**Q** 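Once you've had a glance at the structure underneath, I'll fire off some questions.
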Amino acid sequence: MEDKCPEPIHCKVPAAARRRAAAVCRAAGEPLTVEEVVVDPPRAYELRIKIVCTSLCHSDVTFWRMKVRIAGPISFPIARVRVVVESVGEHVEGFAAGDSVVPTFLSQCSECTDCKSSRSNVCSKYRFAVRPGMPRDDTTRFRDAGGSPLHHFLGVSSFSEYTVVDVTQVVKVDPALPPPTACLLSCGASTGVGAAWKLAKVEPGSSVAIFGLGAVGLAVAEGARICGASKIIGVDLNPEKDELGKKFGVTHFINPKELGEKTVSQVIIEMTDGGADYCFECIGLAALMSDAFQSSREGWGKTIILGVEMHGAPFSIPSREILHGKCVMGSLFGGVKPKQDIPILAEKYLNKELELDKFITHEVALKDINTAFDLLLQGKSLRCTIWMDK
């Protein structure tokens with residue numbers, strides 16, 4: 001069969017198309033270079049996949065800025081990509097050439113204690129880690145035009161026409177799912193929706209407060225909406241997020257700069273008659289994590305932390321508050337088990353229960369990938385789709 005003995009792929013296109021195979025980060029904070037790469041065949045338990053489109057989020061910007069040497073097709077903590085299987089390596093079961101799939105940064109081996117448990121979505125056999133190569137042998141499948149190795153990131157590397165991924169990091173999806181939508185489900189949309197639906201288990205008629213209305217925060221709002229929350233409060237310093245939030249189910253908006261002498265937590269406690277049932281921190285600031293916790297209801301209030309503290313600051317809370325029944329939960333990928341839950345979210349989208357198209361605000365070709373970075377840095381886009389064939 002055609003996918004049994006694949007050869008290396010030279011990702012090279014006609015010059016007239018003005019694009020090449022992969023966007024490569026060769027220096028922290030510098031524009032990516034779009035250049036030809038060679039993508040080796042998949043090894044055992046691996047798939048080589050053709051990228052249809054991918055996307056960009058703030059995690060990409062975070063790692064792009066880091067003062068470490070990254071030389072490889074960039075794909076950062078949250079994979080945002082819709083692909084088609086090109087070939088499979090030995091011992092790969094359940095996938096074949098031509099399948100529509102999405103890769104994810106989290107593995108799901110379906111064999112370890114954590115994968116078998118409903119209480120965790122973090123595989124303990126192939127742990128989430130920042131590494132330059134593949135998860136099983138830490139080697140790369142990428143080379144540049146001169147033959148030098150290029151690094152993977154989290155085993156995905158989606159800013160490339162082709163990439164190689166481990167079978168534990170691939171999810172088969174309905175081919176009816178539009179490619180840009182599939183990108184969202186392997187990234188921030190699943191993180192936010194999952195945090196409300198899977199992790200917090202938001203109940204009908206409950207109150208929700210969301211700190212930060214970026215793409216992930218708005219996805220939390222969408223998740224809370226489909227769970228039936230009656231009051232969804234958005235907190236953001238950008239006044240434009242007031243109208244934007246309404247499109248995602250936000251019912252009330254708070255701009256901390258417009259509260260006078262009152263604190264955010266005081267206002268939320270007043271609005272909810274005692275505190276929000278669920279509070280979500282989606283920025284990554286210890287001060288906001290504290291605000292979210294203070295805004296949650298005594299007795300049963302849950303605070304879910306989605307943001308990674310951008311300065312590495314610790315998050316501390318008064319112990320007596322915990323004694324009063326409040327709790328804090330961490331969230332990686334919104335508690336979503338990729339192989340189990342992404343197909344469910346895809347079905348909800350196809351059944352028009354889950355609204356995802358409104359997250360896509362821009363689209364560019366691979367050759368213009370730096371424009372996608374600019375749009376995100378300027379706060380002009382939620383999600384920018386990056387097409388490989390345009």
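Numbers here are sequence positions counted from 1. What you see is a predicted model, and the numbers here were worked out from it, not measured in a lab.
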**Q** What verdict does the side chain to side chain contact (heavy atoms under 4.5 Å, CB included) test give for His252 and Ile232, after you've listed the backbone C-alpha separation in whole Å, the side-chain angles of each residue and the deciding distance to 0.1 Å?
**A** CA-CA 6 Å; His252 300 73; Ile232 302 175; over 6 Å; no
**Q** Using modelled atom types and a 3.5 Å cut-off, is there a donor and acceptor pairing between side-chain atoms of Glu321 and backbone atoms of Pro318?
**A** no
**Q** Going hydrophobic residue to hydrophobic residue with side-chain gaps under 4.5 angstrom, can you get from Leu213 over to Met271?
**A** no
**Q** State plainly whether one hydrophobic cluster holds both Leu218 and Phe253, where clusters connect Ile, Leu, Val, Met, Phe, Trp and Tyr through side-chain heavy atoms under 4.5 angstrom apart.
**A** yes
**Q** Would you say Gln378 has more than 12 foreign heavy atoms packed within less than 6.0 Å of its CD?
**A**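 Yes, CD of Gln378 has more than 12 neighbouring heavy atoms, counting only those of other groups under 6.0 Å.
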**Q** Which residues pass the salt bridge (Lys or Arg N to Asp or Glu O under 4.0 Å) test with Arg297, not counting sequence neighbours?
**A** none
**Q** Could you check Val102 against Ile342 for side chain to side chain contact (heavy atoms under 4.5 Å, CB included), going step by step and ending with a plain yes or no?
**A** CA-CA 9 Å; Val102 294; Ile342 287 179; 4.3 Å; yes
**Q** Tell me the closest heavy-atom pair linking Asp138 and Pro132, and the distance in Å.
**A** OD1-CD, 3.8 Å
**Q** Output yes when a side-chain donor or acceptor of Arg48 lies under 3.5 Å from a complementary backbone atom of Val39, and no otherwise.
**A** yes
**Q** Are more than 12 heavy atoms, taken from residues, nucleotides or ligands other than Glu270, located less than 6.0 Å from that residue's CD atom?
**A** yes
**Q** Got a sec, which residues hit salt bridge (Lys or Arg N to Asp or Glu O under 4.0 Å) with Asp277, two or more places apart in sequence or on another chain?
**A** none
**Q** Could you check whether any side-chain N or O of Thr163 sits under 3.5 Å from a backbone N or O of Val156, counting only pairs where one atom can act as donor and the other as acceptor?
**A** yes
**Q** Are more than 12 heavy atoms from other residues, nucleotides or ligands located less than 6.0 Å from atom NZ of Lys247?
**A**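 Incorrect, the count does not exceed 12.
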**Q** Quick one, Lys257 and Leu237 - any side-chain contact, counting heavy atoms below 4.5 Å?
**A** yes
**Q** Is the side chain of Gln108 donor-acceptor paired with the backbone N or O of Lys339 at a distance under 3.5 Å, no angle test?
**A** yes
**Q** Does any part of the side chain of Asp174, heavy atoms only, come nearer than 4.5 Å to the side chain of Glu347, both counted from C-beta?
**A**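 No; the side chains remain at least 4.5 Å from each other.
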**Q** Keeping His152 on the side-chain end and Arg141 on the backbone end, is there a donor-acceptor pair under 3.5 Å?
**A** yes
**Q** With a 3.5 Å distance limit and no angle check, can you tell me whether Ser190 reaches the backbone of Cys187 through a side-chain donor-acceptor pair?
**A** no
**Q** Is any side-chain heavy atom of Met134 closer than 4.5 Å to one of Thr140?
**A**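 They are not in side-chain contact.
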**Q** Would you sort out whether Asp144 and Val24 count as a side chain to side chain contact (heavy atoms under 4.5 Å, CB included), showing the intermediate values?
**A** CA-CA 9 Å; Asp144 65 16; Val24 180; over 6 Å; no
**Q** So if you build clusters from Ile, Leu, Val, Met, Phe, Trp, Tyr with side-chain heavy-atom gaps below 4.5 Å, do Leu244 and Val208 land together?
**A**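 Cluster IDs for Leu244 and Val208 match.
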**Q** If you take all heavy atoms of Ala196 and Cys227, which pair is closest and at what distance?
**A** O-SG, 4.2 Å
**Q** Does Asp291 reach the main-chain N or O of Ser265 with its side chain, forming a donor-acceptor pair under 3.5 Å?
**A**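 Side chain of Asp291 to backbone of Ser265: no pair is present.
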**Q** Is any side-chain heavy atom of Val193 closer than 4.5 Å to one of Ile226?
**A**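 Sidechains of Val193 and Ile226: in contact.
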**Q** For residues 164-172, run the donor-acceptor check on the side chains, cut-off 3.5 Å, and write out each pair with its distance to 0.1 Å, sequence neighbours left out.
**A**
residue	atom	partner	partner atom	Å
Asp166	OD1	Arg136	NE	2.5
Asp166	OD2	Arg136	NH2	3.2
Asp166	OD2	Thr168	N	3.0
Asp166	OD2	Thr168	OG1	2.7
Thr168	OG1	Ser107	OG	3.4
Gln169	NE2	Thr104	O	3.0
Gln169	NE2	Leu154	O	3.1
Lys172	NZ	Gly94	O	2.7

**Q** Sequence neighbours excluded, which residues qualify as side-chain contact (heavy atoms from CB on, under 4.5 Å) partners of Ala209?
**A**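 In terms of side-chain contact (heavy atoms from CB on, under 4.5 Å), with neighbours along the sequence ignored, Ala209 is linked to Phe211, Ile233, Ile268, Ala276, Cys279.
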**Q** As an exercise, state the distance from CZ of Arg65 to SG of Cys25, rounded to the nearest 0.5 Å.
**A**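 One finds 12.5 Å between CZ of Arg65 and SG of Cys25.
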**Q** Would you indicate whether the side-chain heavy atoms of Tyr349 and Leu184 approach each other to under 4.5 Å?
**A**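 No, too far: nothing below the 4.5 Å cut-off.
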**Q** So Phe153 and Phe105, ring-ring contact (aromatic ring centres under 6.0 Å, His included) or not? Walk me through it.
**A** CA-CA 9 Å; Phe153 199 87; Phe105 71 97; over 10 Å; no
**Q** Is a side-chain donor or acceptor of Lys348 paired with a backbone partner of Leu354 at a separation under 3.5 angstrom?
**A**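 Not a single qualifying donor-acceptor pair exists.
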**Q** Cation-pi check for Phe293 against Lys326: NZ or CZ below 6.0 Å from the six-membered ring centre and within 45 degrees of the axis, yes or no?
**A** yes
**Q** Kindly indicate whether the side chain of Ser87, heavy atoms from C-beta on, has any atom under 4.5 Å from the side chain of Pro42.
**A**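 Yes, at least one pair of side-chain atoms sits under 4.5 Å.
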**Q** Work out which heavy atom in Gly188 is nearest to a heavy atom in Ala219; give both atom names and the distance.
**A** O-CB, 3.8 Å
**Q** Just by modelled atom types, is the Val101 backbone N or O under 3.5 Å from a matching donor or acceptor in the Asp99 side chain?
**A** no
**Q** Report yes or no: does Thr361 contribute a side-chain atom to a donor-acceptor pair with the main-chain N or O of Leu382 at less than 3.5 Å?
**A**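 Side chain of Thr361 to backbone of Leu382: a pair is present.
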**Q** Determine the interplanar angle of the Phe159 and Phe373 rings, folded into 0 to 90°, and report it as parallel if under 30°, tilted if 30 to 60°, perpendicular if over 60°.
**A**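 Answer is perpendicular, since the angle exceeds 60°.
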**Q** Looking at every heavy atom in both Ala286 and Phe315, which two are closest together, and how far apart are they?
**A** O-CD1, 4.1 Å
**Q** For Ser230 versus Gly205, what's the shortest heavy-atom pair and its separation?
**A**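 Distance-wise, the nearest heavy atoms are OG-O, 3.0 Å.
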**Q** If the condition is salt bridge (Lys or Arg N to Asp or Glu O under 4.0 Å), which residues does Glu111 pass it with, not counting sequence neighbours?
**A**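 Glu111 satisfies salt bridge (Lys or Arg N to Asp or Glu O under 4.0 Å) with Lys125 only.
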**Q** Is Leu185 close to Leu356 at the side-chain level, that is, under 4.5 Å between some pair of heavy atoms?
**A** yes
**Q** State, yes or no, whether a side-chain contact exists between Cys57 and Asp60 at a heavy-atom distance under 4.5 Å.
**A**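 Counting from C-beta outward, Cys57 and Asp60 do come under 4.5 Å.
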**Q** Who passes salt bridge (Lys or Arg N to Asp or Glu O under 4.0 Å) against Lys380, sequence neighbours left out?
**A**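 So Lys380 forms no salt bridge (Lys or Arg N to Asp or Glu O under 4.0 Å) with any residue.
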**Q** Please evaluate residues Val38 and Asp40 with respect to the criterion side chain to side chain contact (heavy atoms under 4.5 Å, CB included), reporting the C-alpha separation (whole Å), side-chain torsions for both, the decisive distance (0.1 Å), and the verdict.
**A** CA-CA 6 Å; Val38 177; Asp40 289 336; 4.2 Å; yes
**Q** For a quick check under 3.5 Å, do Ser158 and Thr54 share a side-chain donor-acceptor pair by atom type?
**A** yes
**Q** What do you reckon, is CD of Glu353 surrounded by more than 12 foreign heavy atoms closer than 6.0 Å?
**A**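 Counting other residues, nucleotides and ligands, CD of Glu353 exceeds 12 neighbours.
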**Q** Locate the shortest heavy-atom distance separating Val336 from Gly194; write the atom from each residue and the value.
**A**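 Scanning both residues, the minimum pair turns out to be CG2-CA, 3.8 Å.
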